[in-house]
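Just so it is clear, the model here is predicted, and its values are computed rather than measured. Residue numbering restarts at 1 for every chain, and letters A, B, ... go by the order of the sequence lines.
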Number of protein chains: 2
Amino acid sequence: MGQLEDIQVFIRVVEAGGISRAADQLGIAKSAVSRRLSELEKRLGTRLISRTTRTSNLTEAGRSYYQQVLKVVDQVAEIESELHDTECALTGNIRIAVPLSFGLQHLGPAIDLFIKQHPQLRIDMDLSDRHVDIVEEGFDLALRISELKDSSIQARKICPCHHVMAASPDYLAQMGVPQTPKDLEQHRFVTYSGGQSGQWVITDAGGKRHNPTMPASIVANNGDFLLQMACAGHGMVVTPTFIVWKSLAAGDLVQVLPDCSWPSLNAYFIYPRNRYLPRRVRLLIDFMAERYGDRPYWDQAM
Amino acid sequence: MGQLEDIQVFIRVVEAGGISRAADQLGIAKSAVSRRLSELEKRLGTRLISRTTRTSNLTEAGRSYYQQVLKVVDQVAEIESELHDTECALTGNIRIAVPLSFGLQHLGPAIDLFIKQHPQLRIDMDLSDRHVDIVEEGFDLALRISELKDSSIQARKICPCHHVMAASPDYLAQMGVPQTPKDLEQHRFVTYSGGQSGQWVITDAGGKRHNPTMPASIVANNGDFLLQMACAGHGMVVTPTFIVWKSLAAGDLVQVLPDCSWPSLNAYFIYPRNRYLPRRVRLLIDFMAERYGDRPYWDQAM
DNA sequence: ATATCTTGTTCTCCAAATTAGAACAATTGA
DNA sequence: TCAATTGTTCTAATTTGGAGAACAAGATAT
């Protein structure tokens, strides 16, 4: 391999935070990464990353070198893929990190369509609900559902993400149907773990905001699981429409306090700032933004 | 090898004007160059150089690609050699094309000193009097002795290049010593072949310009040879001081019409415009400019 | 018109380069 | 204190890439 490949290995080590993680992400042995890095340092006559056992840190020279070569690597990628894409069908790999529920239920079919349009592309999907640092982990982009976008990254909104409260008919028959937000305090909930999911602000039809206590009998970090528990009558759930839409349509769940509204989130594709975005990645983002848009099909079905 | 090395091979093919010459300059087999170029074109999905048997021409895509990657290759070279040179003794290669006479008599000792100061450098010297296209032939720089500098290249003057007229004592005893430029028409000359060397403009002490006919009994393209012929009494010679200085000092030749002057040329180092000049090359140019300067040692000895 | 020379292509063999994996030292965390 | 993890180094295996031969085709010289 060559000079630019050595540089790319170095960049990966820096962004991954270590040789072992870089090796995992690059799919090569850590001995190979170690050797490539050592040879780059030898060629430059200076240490780029100071390593002790179990830690590695950029030196001052390494930091400067990293800033400079990052631009060069992007330029080469841009020059070559712009030329290639002018002449050819899209090829290459796209690494995406997406939340589990959204990924399984919505991105799957969408990716299927996209790949049919661009059969020479390869998609590498990471489905999980953990927070992903796309630079550190070497992703092209990630889907994030949130209110605020991180200022250090670029984001493209692809659709709104509304929430509704719902419960099973059996549960409501047993516990009664809440008429006002205050009534909620007499009920049980299944809620998301972590963060501040248990503390929701609900806005009633008159525009008044409420902050009801919602005692959780079941807590989990997975929306599909919570949906199952709600359908089984274990409590009411506040959940995204993109999760609950089919259960509502089937009558397995019934919307509660439908005139009230919950804080609205958005789904964004995020990608690294100041980094060349290959055309195939841009096309995928455009494709998804168009496919979902401001009134996605699951909201239209309600 | 890698992506950047493929690009460097491509650049060399473009600038050399063909795969065979590029292979010669790179020191690898033309089959290897052919294969590298083909693989680069395959990766980009487009033809960069259209080849028929015995000719090759840049395509439109190739021209654009060449312009863009040239900058990138320079940037990488700059980033890495600036970092390297900050930390280390100078290393690397310098390829220089120099005129034969000047190279043998003056650059040799100078290079010897320079290499003693920077022992890890490697000098690749091409000595000839032919016109060298430094970009096409892959030189870092060339020494050129001329009046005008080519506008498409960068030049750094390293010293003036004065000419004098001289003849052997025997010749002058036999033929008489010319007193005025007009007297020259009664004499024989040994002169440079090609160009307009046989048509000199001499300026007398009063500032008047003369254009004497100087019949040549011996013509050659090498100044050292002409010096020998002049010392042997075959005629008078107009020659650079850097060639004739020792023969004058030794009494083998005597200056003729010393109050007159000849068009003054300069010695320049020339190097490619818009191309990163490694520090080692810049240091060599500085070294030579300082070593010779406005009154080089051979002019001081006269 | 023909022969020779030169360029670029393609293929095969072999040497060189590079990776995987094992073994190890050393630090960190349980 | 022990186990886990990181990074380094070495060796064997695998992959890559160059050299050189053979060839096609165009240009040049005779």
Side-chain angles (χ1 to χ4, degrees), chain A residues 1-59 61-63 65-66 93 130 133 136-138, chain B residues 1-59 61-63 65-66 73 93 133 136-138:
Chain A
M1 282 302 196
Q3 207 173 337
L4 201 70
E5 290 73 19
D6 285 346
I7 290 171
Q8 285 162 337
V9 166
F10 165 69
I11 289 174
R12 191 80 324 260
V13 171
V14 171
E15 294 181 345
I19 284 172
S20 294
R21 270 178 292 186
D24 289 340
Q25 291 171 14
L26 293 166
I28 64 178
K30 64 186 174 178
S31 54
V33 175
S34 178
R35 195 184 58 79
R36 298 293 294 265
L37 184 55
S38 295
E39 284 178 11
L40 177 59
E41 287 173 325
K42 188 175 176 183
R43 180 168 91 237
L44 296 175
T46 188
R47 178 72 69 171
L48 298 173
I49 297 181
S50 69
R51 279 110 68 207
T52 66
T53 54
R54 297 200 65 174
T55 70
S56 55
N57 292 293
L58 267 179
T59 62
R63 193 179 316 281
Y65 183 72
Y66 168 77
N93 195 54
R130 65 192 176 83
D133 181 322
E136 184 175 300
E137 297 190 51
Chain B
M1 280 303 194
Q3 207 172 338
L4 201 71
E5 288 73 20
D6 285 345
I7 289 170
Q8 285 162 338
V9 166
F10 165 70
I11 289 173
R12 192 83 317 265
V13 171
V14 171
E15 294 181 346
I19 285 171
S20 295
R21 270 180 291 186
D24 288 340
Q25 289 172 13
L26 293 165
I28 64 178
K30 63 187 176 178
S31 54
V33 175
S34 178
R35 195 175 58 77
R36 298 294 293 268
L37 184 57
S38 296
E39 283 176 11
L40 176 59
E41 287 173 326
K42 189 176 177 183
R43 179 168 93 237
L44 295 175
T46 189
R47 180 73 68 171
L48 298 174
I49 297 181
S50 68
R51 280 106 73 202
T52 65
T53 55
R54 298 202 67 173
T55 71
S56 54
N57 292 293
L58 267 177
T59 62
R63 192 178 319 279
Y65 183 73
Y66 168 77
V73 164
N93 195 54
D133 181 323
E136 184 175 299
E137 297 190 51

Within this structure, what is the [atom1]-to-[atom2] distance between [X] and [N], rounded to whole angstrom?
X     : N      : atom1 : atom2 : value
B:K42 : C:dT10 : NZ    : C1'   : 13 Å
B:Q3  : D:dT16 : CD    : P     : 16 Å
B:F10 : C:dG8  : CZ    : C1'   : 16 Å
A:E5  : D:dT15 : CD    : C1'   : 15 Å
B:L40 : D:dG17 : CG    : C1'   : 16 Å
A:N57 : C:dT27 : CG    : P     : 15 Å

For DNA chain D, find the residues of residues 12-25 of chain A with a heavy-atom distance under 4.0 Å and give them by number; none if there aren't any.
->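 Correct list: A:G18, A:I19, A:S20.
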Check whether any side-chain N or O of [X] sits under 3.5 Å from a backbone N or O of [Y] as a donor-acceptor pair, and report yes or no.
X     : Y      : result
B:E5  : A:Q3   : yes
B:S34 : B:K30  : no
A:R12 : A:E136 : yes
B:E15 : B:F10  : no
A:R21 : A:G17  : yes

Below 4.0 angstrom from OP1 or OP2 of C:dT9, is there any side-chain N or O of B:R51?
->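 Yes, such a contact exists.
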Mind checking what makes side chain to side chain donor-acceptor pair (under 3.5 Å) contact with B:R43, not counting sequence neighbours?
->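 Testing B:R43 for side chain to side chain donor-acceptor pair (under 3.5 Å), a comparison that skips the adjacent residues, returns A:E80, B:D6.
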Heavy atoms, side chains only, cut-off 4.5 Å: are B:V73 and B:I7 in contact?
-> yes
Could you pull out the protein-nucleic contacts involving nucleotides 18-21 of chain C (nitrogen or oxygen on both sides, under 3.5 Å)?
from: C:dT18; atom 1: OP1; to: A:M1; atom 2: N; distance (Å): 2.8
from: C:dT18; atom 1: OP1; to: A:M1; atom 2: O; distance (Å): 3.0
from: C:dT19; atom 1: OP1; to: A:R36; atom 2: NH1; distance (Å): 2.9
from: C:dT19; atom 1: OP2; to: A:R35; atom 2: NH2; distance (Å): 2.9
from: C:dA20; atom 1: OP2; to: A:A29; atom 2: N; distance (Å): 2.4
from: C:dA20; atom 1: N7; to: A:S31; atom 2: OG; distance (Å): 3.3
from: C:dG21; atom 1: N7; to: A:S31; atom 2: OG; distance (Å): 3.2
from: C:dG21; atom 1: O6; to: A:S31; atom 2: OG; distance (Å): 2.8

Quick one: closest heavy-atom pair of A:T59 and A:S50, and the distance?
->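 In terms of heavy atoms, the two residues are closest at CG2-N, 3.9 Å.
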